[in-house]
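Hydrogens, waters and symmetry mates are skipped; everything else that's a heavy atom, side chains included, is used. Just so we're on the same page: letters track the sequence lines, and every chain starts at 1.
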Number of protein chains: 2
Amino acid sequence: MKATPLTVASIVEAAADLADATGFDSVTLSAVARRLGVRSPSLYSHVKDRDALLEGVTVLALTELASRVSVAVAGRAERSALEALADAHRDYARESPGRWDALQRPVGEEAARSAGARDIVALTAAVLRGYPLPESEHVHAVRFIGSTVNGYLRIERNGGFAHSRPSAAVSWHRIIDALDAALRAWPAPSEGERP
Amino acid sequence: MKATPLTVASIVEAAADLADATGFDSVTLSAVARRLGVRSPSLYSHVKDRDALLEGVTVLALTELASRVSVAVAGRAERSALEALADAHRDYARESPGRWDALQRPVGEEAARSAGARDIVALTAAVLRGYPLPESEHVHAVRFIGSTVNGYLRIERNGGFAHSRPSAAVSWHRIIDALDAALRAWPAPSEGERP
DNA sequence: CGATATACCTAATGCTATTAGGCTTTGTCC
DNA sequence: GGACAAAGCCTAATAGCATTAGGTATATCG
């Protein structure tokens, strides 16, 4: 009867697909079970609880995003690499809105230690190579880029730009320009700011 | 018997307090009703549904944040104003985590049109006065600042910086420095980027 | 062939949002 | 002052959700 037996991976994938299709908040164990043609208690043999399932979607999204970023920035440097990194994030957020939302939740142990998370940080740091920043400033610059890109996409997604002109699309390039400018003009740390 | 009769304002405030105390997701009509010493169906006379209640908390948070930012940036300019604006956001996020979470949800009509939202945008634009940006670039710069500040605080809050060194506190000042640098070195729009 | 483990199932509990309709208190109009 | 009406709260009921407990069939292994 069972065409495919349930596995953690298939459950997480179904949850991610459901998130993309009907919104992250609609990812309930019931809905995922329905989609898999199974009763919800059956999922508990494979997944600890709902929170663990959502964490699984987060890890999946991190992995997928890392892969896209990796391809995007390969063979590029400086502004071109920065733009590719940002656009990879934006494309992912657009194409997989539910998976993207999974990235915007408190990170658990598993997600924090995941290869995807590590890779994204490493790839962001790699983009900095072309810029005149001392190694000691890389952490801060990575956080800066991450904050701006994520912050922008989140506000755009939440409709924060929808009620004002010009459209968010126009600002996107200006924001990347500004990031590029900030990295070129990266300020020297003052007295109390050195770690 | 009724010390204070139920009002929309008292319900929204109770919801906001509950969000700060036990997390935004724990703001259920049941819990709010309990806190008010009332049965949950009674709330429906004042509030359309749970979503409207949460939207109310968002509007409240926007109002409070606008007020704080307003006080913070008064009498300051340039980097000092920028830092005050960012710190006002950060302080609010710390002191009222639940209310702050209310700011991170899809904005409804009411929140988008609220005075608080408008004020925060206006105050952010005011910070730009000291910087050499043409008026036409202000929209983009406001979005840039908003994205970075919100993005940083969100990642910090979600624990995204918790697993790496140095602590998030150190980066915060570097991020403000970087924002300041970006505004000073604001790039001229290229061909296709002019609205 | 029988024992065991796997992988699903049904049943049950307790939480939530939400709707429908009742009761009690309070103010209002004559 | 008294009848009336409207607030403003209540109880009752439905339906969906997460989660636990325990049953059953199928396939594996000795």
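- Here C:dA12 presents its C1' atom at 15 Å from CZ of A:Arg39, a figure rounded to the nearest Å.
- Side chains of A:Tyr131 and A:Glu78: a donor-acceptor N/O pair is absent below 3.5 angstrom, by distance only.
- Side-chain contact of A:Ser147 with B:Thr148: a donor-acceptor pair under 3.5 Å is absent, judged by distance alone.
- OP1 and OP2 of D:dG8 both lie 4.0 Å or more from every side-chain N or O belonging to B:Ser42.
- Applying the 4.0 Å criterion to OP1 and OP2 of D:dG16, one finds that A:Arg34 has every side-chain N and O outside that range.
- Taking the six-membered ring where the residue is Trp, A:Trp100 and A:His89 present perpendicular rings, their angle passing 60° and hence far from 30°.
- The separation between B:Leu54 atom CG and C:dA17 atom P is 10 Å, rounded to whole Å.
- Side-chain N/O atoms of B:His46 include none lying less than 4.0 angstrom from OP1 or OP2 on D:dA7.
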Q.
Output one letter per nucleotide in nucleotides 18-24 of chain D: B when a protein non-hydrogen atom lies under 4.0 Å from the base, S when only the sugar-phosphate is that close, - when neither is.
A. SBB----
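- Partners of A:Ser80 by side-chain hydrogen bond (donor to acceptor under 3.5 Å, both in side chains), not counting sequence neighbours, listed by chain and number: A:Arg76.
- A salt bridge links A:Glu156 with A:Arg94; the closest basic N to acidic carboxylate O contact falls under 4.0 Å.
- Rounded to whole angstrom, the span from the CG atom of A:Leu43 across to the C1' atom of D:dC17 amounts to 13 Å.
- Ring-plane geometry between B:Trp186 and B:Phe144 is classed as perpendicular, the angle between the planes exceeding 60 degrees on a 0 to 90 degree scale with a lower cut at 30.
- Residue B:Asp25 contributes atom CG, which lies 17 Å from atom P of D:dC17 at whole-angstrom precision.
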